[in-house]
Amino acid sequence: MESLRTPTAPPAPVGGFGVVAPSSDDPDWWRNAVVYQIYVRSFADGDGDGTGDLAGVRSRLEYLRDLGVDAIWFTPWYASPLADGGYDVADYRAINPAFGTLSEAEALIREALELGIRTIIDVVPNHVSDHHPWFTAALAAGPGSAERERFWFRDGGGPHGDEMPTKWVSDFQGETWTRTQNPDGSPGQWYLHLFTPEQPDLNWTHPDVKQEFHDVLKFWFDRGVGGVRIDSAALLVKDETLPEVPERPGPGQHPTVDRDELHDIYRGWRAVADSYPGSRSLVGELWLPDIQRFAKYLRRDELHTAFNFDFMARPWDAIELRRSIDTTLAAHAPVRAPATWVLSNHDVTRPVTRYGRHDSSFAFPAKRFGIPTDLVLGTRRARAAALLAAALPGSLYVYQGDELGLPEAENIPLDRIQDPMHFRSNGIDPGRDGCRVPLPWRGSNSGFGFGPDGADKPWLPQPKDWRLLTVEQQESDPESMLRLYRDMLRLRRVIAPPGADAFHWLAAEDGVLAFSRGDRFVHLTNLSRHPVELPQHERVLLSSAPLIDGMLPADSSVWLRTLSRQAGDAAVA
Ligand code: GLC
């Protein structure tokens, strides 16, 4: 175990125990890590109140070790009123009491490291909760105060100040400005929130804001955290002149997205991360259509990686997926950053559901209730897609429940929905609760082992037929999604050892993606409508569906071990 202290620094106990070092010394661990995303509220409920918590996670760490993950990314676990599932943070240094305590988080980080699993926390720098002390102080201090300068308070337009300062549209639809009330009850200034009114945007030109987030990073790195997922990473900087959004903004010209000043902010964050030994990595949530602009964030002194949403959003189509893989790898190569492969997360439709639809691409504006879905087909494709994503060079993200093949829960009663995206669309968008339903662990009684026996009902209802998808059920079924994921992640260590970035497309018939990694491994995904021949091989390592007469059926993937030096030459008939 390497030390996180310089030789001269005295040992400083932090939060009741010594500073924690990552368990492995590999400085490049993040380049091909398998990262498992935990949505804390819905992973496992340790205390039986119907809400997932840190005790629940601690009791399931061996499950994650057996699955074969290198790191866990926790969606925000901080004190929060949960107006946006925790992405409204009231205190970045405290754990939400519904989830546990800081000392439990410290114990969890340590216990995970003992199993070889790093912890990645989610830092939300674009906005805070309206319950954050900075914001409540800003409201109380009134117009013109120093406290308001940490946010975007502005007078309204028009003779009575009742016109919003801009017409910017929220990422959650609707307005981005909310008017405040003066202490005497009269209408006051407006403040900016790119998401909900409960998430006021911070002013990143303010030195307090920059300093605070450096301190928050240090607070968690001191506790042994191995990485940070940066929420809404492209939105922090705004054009201070507050122009309207141009019809076709050129590079860096959008008033709130991907502004050039962001790069210096992340250089500062990287310097903080690099001041710790053991490679503390930064992964950005960057939804950017321009992949060249995206890659700029991955320069050597900025972020380590960023989510590849392009791949995730593409439909089940060989040309589309190949194009995404090519543009991704080509854009990452010059900055020498590894790609990430992401099939889903807590914001998007579960793959089993998405791939079972006529339009299998993903786009937020297209989300609707009642889209016809073939879950058998979707599951088959999701299995094939998992093997594809896991075989590509770079790091892999697995969202909790995808390893169980959970579909999107589409029948949540309207009065149980919590996601603000649903409400802000006037009920047109079903929202994101359908991918956030508590996991089924065991048994066939209500709750499916999400909490201990006799626990309260889970905070969102689970579909009844999830009794067939519990971990317990799937462990004993060699054909299950869980067993596929376990085999896949175990074999991935062999086919993609650290540093093995080699990747070559192989000739293949239309509708087939075929590539080699190194000289003994070949991957095939068949997106055509009929079975295809396999190239010469020594052994089938893994397939997402049974082969038919030695052929790979439609909507499936296979991993092959080839004879030495044969992989690069193999062609698929
Ligand atoms: C990110 C998160 C999402 C959240 C939003 C606002 O996109 O992934 O869940 O609602 O930021 O913080």
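Bear in mind the structure is a predicted one, so any value in this text is a computation, not a measurement. Just follow the structure's listing: the first ligand is 1, and inside any ligand the first atom is 1.
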Within 45° of the ring axis of Phe153 and under 6.0 Å from its six-membered ring centre, is that where the NZ or CZ of Arg148 lies?
-> yes
For ligand 1, which atoms, with element, lie under 4.0 Å from some heavy atom of Arg436?
-> 9 (O)
N/O donor-acceptor pair under 3.5 Å between Arg280 side chain and Val225 backbone | yes
Per-atom filter on ligand 1: closer than 4.0 angstrom to a heavy atom of Asp347 are 2 (C), 3 (C), 7 (O), 8 (O), 9 (O)
protein heavy-atom neighbour closest to atom 7 (O) of ligand 1 works out as Glu285 OE2, 2.7 Å
Asp84 side chain to Thr196 side chain, donor-acceptor N/O pair below 3.5 angstrom = no
For atom 4 (C) of ligand 1, closest protein heavy-atom neighbour = Asp84 OD2, 3.4 Å
Paired with Glu408, the side chain to side chain contact (heavy atoms under 4.5 Å, CB included) test is passed by just one of Arg436, Lys367, Arg432, Arg354, namely Lys367
Hey, is the main chain of Leu235 close enough, under 3.5 Å, to the side chain of Lys238 for a donor-acceptor pair?
-> yes
Atom indices of ligand 1 within 4.0 angstrom of Ser232 heavy atoms, with elements | 1 (C), 11 (O)
Element-labelled atoms of ligand 1 that are located less than 4.0 Å from some non-hydrogen atom of Phe195 | 5 (C), 6 (C)
Any Trp287 heavy atom less than 4.0 Å from ligand 1 = no
Under 4.0 Å from any heavy atom of Arg432, which atoms of ligand 1 are there?
-> 3 (C), 4 (C), 9 (O), 10 (O)
Among all protein heavy atoms, pick out the one at the shortest distance from atom 2 (C) of ligand 1; state its residue, atom name and that distance to 0.1 Å.
-> Asp231 OD1, 3.1 Å
Under 4.0 Å from any heavy atom of His127, which atoms of ligand 1 are there?
-> 6 (C), 12 (O)
Start with the C-alpha distance between Asn126 and Asp231, add both sets of side-chain angles, then the distance that settles side-chain contact (heavy atoms from CB on, under 4.5 Å), and finish with yes or no.
-> CA-CA 7 Å; Asn126 180 66; Asp231 184 65; 5.6 Å; no
Are any side-chain N or O atoms of Arg267 and backbone N or O atoms of Asp301, one a donor and one an acceptor, separated by less than 3.5 Å?
-> no
